[in-house]
There are 2 protein chains.
Amino acid sequence: MLRWLQPRPPTTDILTAADPAFERECVALFSEFLHVLGVPKSVGAIYGLLFASPGPLCFADIVEKLGVSKGSVSQGLAFLRQSRAVKTVNSKSVDGGRREYFEPELGLRRLASGLIQEKIQPLTKETRGSLQRLREQTGAAQGAQRTFQLERIKQLETWRRQLGRVLPVMQILLKVSPSAHSARQKAMAD
Amino acid sequence: MLRWLQPRPPTTDILTAADPAFERECVALFSEFLHVLGVPKSVGAIYGLLFASPGPLCFADIVEKLGVSKGSVSQGLAFLRQSRAVKTVNSKSVDGGRREYFEPELGLRRLASGLIQEKIQPLTKETRGSLQRLREQTGAAQGAQRTFQLERIKQLETWRRQLGRVLPVMQILLKVSPSAHSARQKAMAD
DNA sequence: CCGCTAGTTCAAGAAAATTTGAACCAATGC
DNA sequence: GCATTGGTTCAAATTTTCTTGAACTAGCGG
């Protein structure tokens with residue numbers, strides 16, 4: 001059935017004989033970790049696999065090593081790409097063909113900002129609408145009730161302001177740490 | 001069947017005639033918001049209901065107003081209590097009896113720290129084990145492979161350090177702001 | 001135009017999380 | 001003790017979310 005798992009180009013060059021045990025541990029670690037953050041396990045598994053690999057992997061590699069369906073890998077990679085947790089490597093540089101190769105993003109700052117955007121952004125949008133509706137509703141109330149409702153709406157706005165203040169600071173704090181020696185070509189242009 | 005929804009003590013005193021529209025909006029807002037953070041919707045609904053209420057509510061009030069089962073309310077309140085998102089009010093002060101009354105915690109700092117502890121704590125525990133196992137695994141590898149794996153493990157440790165640095169700062173930033181001149185900063189658009 | 005590889009889409013099935021409700025416990029009052 | 005209220009527990013039902021796989025699009029030769 002899986003008629004097209006092309007035996008993965010023999011680039012045993014950079015890809016120094018993958019270590020299955022190391023792969024399994026990384027896959028498990030990221031699956032669980034990201035799952036807690038609300039990301040599907042298979043997505044975490046893909047990231048973990050890439051993290052465990054000394055060289056970039058292609059679509060078929062991932063399908064084979066994780067033993068999940070093409071569909072899942074496709075969707076998982078789409079998510080990871082969108083949230084900038086993986087980078088695509090120029091295909092030409094790895095094999096001559098046209099398939100894409102993937103590498104994990106290792107900068108915590110970029111990872112976090114990508115995930116935050118995926119999760120927080122839609123949330124903020126949703127919230128804005130709710131606040132608007134709340135304000136309109138309040139028009140109908142009167143007296144002590146109205147006072148109370150306005151108070152609560154004010155509270156919501158305070159929270160929003162506070163969150164708006166915190167998120168940017170987080171981004172700064174997560175900037176690649178001053179451990180200079182490990183910061184090789186892993187530049188931090190963001 | 002629901003033979004025991006005691007008609008809620010007639011404390012129409014503080015509880016200035018609840019506004020169903022306001023309640024609905026708040027319930028919807030918090031359900032959705034907390035859901036994104038990985039908290040069950042019914043839990044968000046309970047918090048939202050309390051947030052919308054001018055006075056504390058008891059178990060039976062919540063069951064009635066939300067129209068969910070006793071079981072859910074019990075579990076939801078357990079979660080909210082544990083993460084310190086609701087406070088229990090001295091029963092005696094509301095009615096003479098022995099039922100508990102609940103109020104929402106409004107300080108963002110406490111809310112956030114509670115939720116973080118619920119989510120991050122188990123995660124850190126899990127992670128520690130994985131890191132340990134990874135390190136052991138690595139003992140078996142050699143040469144370039146070993147070098148690579150040690151590098152990755154170092155990366156994981158860096159991340160852990162960075163996260164450990166960020167979380168406390170977040171707590172501080174979320175400290176309840178004096179609100180005095182906060183009204184000025186209304187320009188938070190995004 | 002045909003055949004083949006690389007990858008996406010999406011309805012339907014599988015798995016995981018949440019909700020329910022009945023059984024249960026604990027405190028109070030008679 | 002026994003009945004009643006306030007609340008918890010947990011297995012089973014339900015809902016939501018994730019995964020699968022077959023059908024499909026697209027690039028590249030020939």
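In the text below, chain A, chain B and the rest are named by the order of the sequence lines, each starting its count at 1. From a predicted model like this one, the values you see are computed outputs, not experimental measurements.
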Is the shortest side-chain N/O distance from [X] to OP1 or OP2 of [N] below 4.0 Å?
X        : N       : result
Arg81(A) : dT8(C)  : yes
His35(B) : dT15(D) : no
Ser42(B) : dT18(C) : no

Rounded to whole angstroms, how far apart are [atom1] on [X] and [atom2] on [N]?
X         : N       : atom1 : atom2 : value
Gln75(A)  : dG7(C)  : CD    : P     : 15 Å
Lys41(A)  : dA15(C) : NZ    : P     : 13 Å
Phe79(B)  : dT9(D)  : CZ    : C1'   : 18 Å
Arg99(B)  : dT28(C) : CZ    : C1'   : 13 Å
Leu66(A)  : dT19(D) : CG    : P     : 11 Å
Glu100(A) : dA6(C)  : CD    : P     : 12 Å
Phe59(A)  : dT9(C)  : CZ    : P     : 11 Å
Ile46(B)  : dT19(C) : CD1   : P     : 9 Å

Practice problem: Look only at the side chain of Ser69(A) and the backbone of Ser72(A), and say whether a donor-acceptor pair between them is shorter than 3.5 Å. | Solution: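 Side chain of Ser69(A) to backbone of Ser72(A): a pair is present.
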Practice problem: Give a yes or no on whether the backbone of Leu34(A) and the side-chain of Tyr47(A) come within a donor-acceptor separation of less than 3.5 Å. | Solution: no
Quiz item: Got a salt bridge between Arg146(B) and Glu151(B), using NZ or NE/NH1/NH2 to carboxylate O under 4.0 Å?
Solution: no
Quiz item: Do other residues, nucleotides or ligands put more than 12 heavy atoms under 6.0 Å from Arg84(A) CZ?
Solution: no
Quiz item: Taking everything shown except Glu157(B) itself, do over 12 heavy atoms lie less than 6.0 Å from its CD?
Solution: yes
Quiz item: Under 30°, 30 to 60°, or over 60°: which ring-plane class applies to Phe30(A) and Phe51(A), parallel, tilted or perpendicular?
Solution: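 Geometry flag for Phe51(A) against Phe30(A): tilted rings.
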Exercise. State which of dT8(C), dT19(C), dG21(D) makes the closest approach to the side chain of Ser69(A).
Key: dG21(D)
Practice problem: Tell me which nucleotide among dT8(D), dA17(C), dT19(D) gets nearest to the side chain of Ser72(A). | Solution: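 Selected nucleotide (nearest to the side chain): dT19(D).
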Quiz item: Taking side chain as C-beta onward, heavy atoms only, is Glu103(B) less than 4.5 Å from Val86(B)?
Solution: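 Counting from C-beta outward, Glu103(B) and Val86(B) never come under 4.5 Å.
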Quiz item: How would nucleotides 23-30 of chain D be written as a contact map, 5' to 3', with B for base contact, S for sugar-phosphate-only contact and - for no contact, using protein heavy atoms under 4.0 Å?
Solution: B---BS--
